[in-house]
Amino acid sequence: MTIYAYLETFQPRLFQTFGNALRSNNLSHAYLLDGEAGTPLKETAFYLAKSLVCDNPNPYACNTCASCLRFDEGNYTDFFFFDGAEISIKKESVLQLEKAFSMTSVEQKGVLIYVMHNVENMTIEAINSLLKFLEEPARNVYAFLTTNNEHNVLPTIKSRSQILHVQLIERTKLFELCKFMPLDDKDKELLIPFYNLPDLILAEAKTERYPIYKDALITVLTAFSENPKIGYLKAHELIAPLRDRFIIKRVFTYFALFFKDVINFSVNRPLLFPSFTPLLSALHKTLRNPLALTVKTYEVSKKVDDNVNINLLVDELLIAMIKDTTR
Ligand SMILES: [Zn+2]
């Protein structure tokens, strides 16, 4: 599914609003895309940005002209991307942007565009620099900011942006869309909480990292449900050496989601991971207070961003889990 088809089918309001602005050449200088975790905010922001540089827009980007192709290849000179999803956006990035934009545009279109992904993860200094930048928008500069939580974005940023909401595709609908994918239900269930678009689910399943973190997650939780101390050893053997902070964070988030699902299991609510019912049932027998553990896991997960030693974090979480066992 192309992003165009995705927007047209699943985000009709956004599709209409931005389409009208493109057609009437009445664009805001800053857009804030707000959507829950899993919504393809980055992909949407890129596609909207590309629509401003396309040679044959209709009114959205055609994906086939020379400018669209160069944009897709990352070779469009007047476009800048800052990713707050992986590591927080720092002041230097904004200054770099200001410097680049103080010169005139290089491309014929004459527009300068930047995407700031997950603006809620900017440092205070970076936000202050960005604000100055947003306050006096140059005529040809356009910003696409994204966030997973509008409430974590400063009112001063929001008031300078037009907010576009990206709605989640409902879970059962998403499953239906993934019906013919060469993936088993376990993979679909594991990936759906993070990727709210079939193409993104399939793309992540094909990465090298996916089987690594999936295996670590399932092995550790299974071992833990059978014998917490073995689970502790497995966590140090499989999770601690992963090193990549994105992957570690992903594994911790899965822990939290599984603990939540243990609660769902215990009160007969629909499950996030129904294909893992035997594991959830075993965890249900092992854990005393999955709610407290869910909170604790999110707390530990947040520290991954603060460069805390991974071994310590694995220890902190697993010891909390061991303390919570019924054995
Ligand atoms: Zn084009």
Side-chain angles (χ1 to χ4, degrees), residues 1-35 38-85 93 96-98 100-119 133-134 137-147 161-167 169 177 195-204 206:
M1 179 183 281
T2 61
I3 286 288
Y4 179 88
Y6 162 76
L7 294 176
E8 187 181 29
T9 314
F10 296 107
Q11 311 297 340
R13 277 188 67 177
L14 186 156
F15 183 80
Q16 193 87 55
T17 306
F18 197 77
N20 287 344
L22 283 170
R23 257 187 295 267
S24 59
N25 203 9
N26 187 19
L27 291 158
S28 298
H29 281 286
Y31 287 93
L32 176 63
L33 299 175
D34 169 50
T39 50
L41 294 178
K42 183 177 132 189
E43 291 74 13
T44 301
F46 272 53
Y47 186 65
L48 301 187
K50 187 163 59 174
S51 298
L52 303 190
V53 308
C54 173
D55 300 331
N56 309 304
N58 66 340
Y60 283 98
C62 72
N63 287 329
T64 52
C65 72
S67 295
C68 280
L69 294 180
R70 276 196 301 115
F71 187 95
D72 287 341
E73 285 159 6
N75 290 328
Y76 198 87
T77 320
D78 294 336
F79 175 74
F80 295 80
F81 173 58
F82 301 94
D83 194 354
S93 303
Q96 184 198 335
L97 187 68
E98 267 182 82
F101 283 6
S102 65
M103 296 169 236
T104 50
S105 56
V106 177
E107 306 272 356
Q108 275 190 353
K109 274 269 169 182
V111 290
L112 296 154
I113 309 166
Y114 61 99
V115 168
M116 290 217 174
H117 187 37
N118 286 125
V119 272
F133 207 58
L134 285 173
R139 220 157 48 91
N140 59 342
V141 173
Y142 297 94
F144 294 91
L145 317 173
T146 80
T147 180
S161 319
Q162 181 176 348
I163 300 176
L164 299 173
H165 295 285
V166 181
Q167 311 294 337
I169 301 176
L177 291 169
Y195 302 95
N196 197 247
L197 189 66
D199 300 47
L200 297 182
I201 289 171
L202 195 58
E204 180 66 16
K206 283 183 182 163

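We count ligands from 1, going down the list as the structure has it; atoms in each ligand are counted the same way. If you're wondering where the values come from, they're calculated on a predicted model, not measured in any experiment.
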request  = Find the distance between CD1 (I169) and OH (Y195) and round it off to the nearest 0.5 Å.
outcome  = 15.0 Å
request  = Say whether T39 and N196, considering side chains only, have a donor N or O and an acceptor N or O under 3.5 Å apart.
outcome  = no
query = Listing residue and atom name, which protein N/O/S atoms are closer to the Zn ion (ligand 1) than 2.8 Å?
reply = C54 SG, C62 SG, C65 SG, C68 SG
ask   = Applying salt bridge (Lys or Arg N to Asp or Glu O under 4.0 Å), which residue pairs with at least one partner in residues 66-76 are found, sequence neighbours left out?
value = K50-D72, R70-E107
ask   = Between F144 and F46, is the ring centre distance below 6.0 Å?
value = no
ask   = Where does the angle between the aromatic ring planes of Y60 and F15 fall among parallel (under 30°), tilted (30 to 60°) and perpendicular (over 60°)?
value = parallel
query = Angle class for the Y6/F10 ring planes (parallel below 30°, perpendicular above 60°, tilted otherwise)?
reply = tilted
